[in-house]
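Data first, discussion second: the structure below is written as structure tokens.
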Protein chains: 2
Amino acid sequence: MVNYEHPGLDQAFLALSDPTRRAIVARLARGECTVGELSTPFPISAPAISKHLRLLERAGLIERRRVGRTLRCRLNPTTLDTALDWITTQRRFWNDSFDRLADLLAEAKKSENP
Amino acid sequence: MVNYEHPGLDQAFLALSDPTRRAIVARLARGECTVGELSTPFPISAPAISKHLRLLERAGLIERRRVGRTLRCRLNPTTLDTALDWITTQRRFWNDSFDRLADLLAEAKKSENP
DNA sequence: TCTATTATTAACCTTATGGTTAATTATGAA
DNA sequence: TTCATAATTAACCATAAGGTTAATAATAGA
């Protein structure tokens, strides 16, 4: 039984599973901004946003720093890349798999002699 | 306030946030197999695995079909691609963002006149 | 110092996740 | 028909997510 744990991925994917948090990530991918600016588009309370930001920060997807009396947020692309890499790897295995190759060959043969 | 909902992505990312489910996806990316074969490596009960499979199926990441008295599972790469696309898009925005460009230019200038 | 602004923490509620054991369904084989 | 195998559903429990309102902290500015 191999070790298949990866808490970083757990948190990253969990963070991306909520529409509000994905919208926040999308906003920050277009440039950093304050918590207040992030909150504006959403119909939920400020504490709700604050919780989302805490979860995103815990997941390593964003960083917050105080500037005067505002908190400025920025995306940390590293964690996004970690998630990207995992999916890409699995996707590649799927394409390379012998099973799939066999299926494709069968398909090719069928379209040759229909 | 734009529509930022995407239930498909919610379910896909949620499904990928659990280590057992990621291990199942990774296994199926290497070729289809039965529920029993999937269960073997894990230290949890059969019903627990069954629940994970239900969640993965609901998310559109896998498909199950009966063959004799076994259930064979296979990966559905489409949903994986949907998740991949979302992350890739955000990643691209981040790279292209004006803020980042300004930062990079500042960096370049600094290394020119240190 | 007093006040307004920005954002968080505290306390609470509801729902879903992830696990368990026991019971049930579906199929194959004797 | 009866028995064994493969896997699920049922019933239950603990924990965490996602939301609320009320209270608190930190800073800027009059």
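If you're wondering where the values come from, they're calculated on a predicted model, not measured in any experiment. Below, chain A is the first sequence line, B the second, and so on; all start at residue 1.
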Kindly determine whether B:Thr34 and B:Cys73 satisfy side chain to side chain contact (heavy atoms under 4.5 Å, CB included), including the steps that lead there. CA-CA 6 Å; B:Thr34 68; B:Cys73 304; over 6 Å; no
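The phosphate of D:dA17 has OP1 or OP2 within less than 4.0 Å of a side-chain N or O from A:Arg58. Between B:Arg69 and D:dA4 there is no side-chain polar atom (N or O) within less than 4.0 angstrom of OP1 or OP2. An OP1 or OP2 oxygen of C:dT8 is reached within less than 4.0 angstrom by a side-chain nitrogen or oxygen of A:Arg64. For C:dT8, the OP1/OP2 oxygens have no side-chain nitrogen or oxygen of A:Arg66 closer than 4.0 Å. Put simply, B:Thr70 has no side-chain N or O that comes within less than 4.0 Å of OP1 or OP2 on D:dA6. Note on A:Ser45: a side-chain N or O is less than 4.0 Å away from OP1 or OP2 of D:dT20. Remark: A:His52 is in phosphate contact with D:dG19, judged by side-chain N or O atoms under 4.0 Å from OP1 or OP2.
Within 6.0 Å of CZ on A:Arg64 lie more than 12 heavy atoms contributed by other residues, nucleotides or ligands.
Annotation: side chain of A:Leu16 is in contact with side chain of B:Trp86 (closest heavy-atom distance under 4.5 Å). A heavy-atom distance below 4.5 Å is found between the side chains of A:Arg22 and B:Phe13.
The interatomic distance linking A:Lys51 (NZ) with D:dG18 (C1') rounds to 6 Å, in whole Å. For the pair A:Leu38 CG and C:dA7 C1', the interatomic distance rounds to 12 Å; values are reported in whole Å. Residue A:Leu53 contributes atom CG, which lies 10 Å from atom C1' of C:dA7 at whole-angstrom precision. The distance from atom CZ of B:Arg65 to atom C1' of D:dT8 is 18 Å, rounded to the nearest whole Å. Atom pair B:Gln11:CD and C:dA16:C1' shows a separation of 13 Å (rounding to whole Å applied). Atom-to-atom, CZ of A:Arg54 to P of D:dG19 comes out at 13 Å; the value is rounded to the nearest Å. Rounded to whole Å, atom C1' of C:dG18 lies 12 Å from atom OH of A:Tyr4. Protein atom CG of B:Asp10 is 15 Å distant from nucleotide atom C1' of C:dT17, rounded to whole Å.
Checked against D:dG19, D:dT9, C:dG19, the side chain of B:Ile44 finds its nearest nucleotide in C:dG19. Distance from the side chain of A:Val35 is smallest for C:dA7 among the nucleotides C:dA7, D:dA11, C:dT17.
In this structure, A:Ile49 reaches neither bases nor backbone, as no heavy-atom distance under 4.0 Å exists between it and the strands shown. Using a 4.0 Å heavy-atom cutoff across all strands shown, B:Ser39 reaches no nucleic acid atom at all.
A salt bridge does not link B:Arg72 with B:Glu63: none of the charged nitrogens is closer than 4.0 Å to a carboxylate oxygen.
Nearest-nucleotide mapping onto DNA chain D: of B:Pro47 and A:Pro47, the residue sitting toward the 5' end is B:Pro47. Each of B:Ser50 and A:Leu55 lies near DNA chain D, and the nucleotide nearest B:Ser50 is the one positioned closer to the 5' end.
Residues A:Gly31 and B:Ser97 share a closest heavy-atom pair of N-CB, 4.5 Å.
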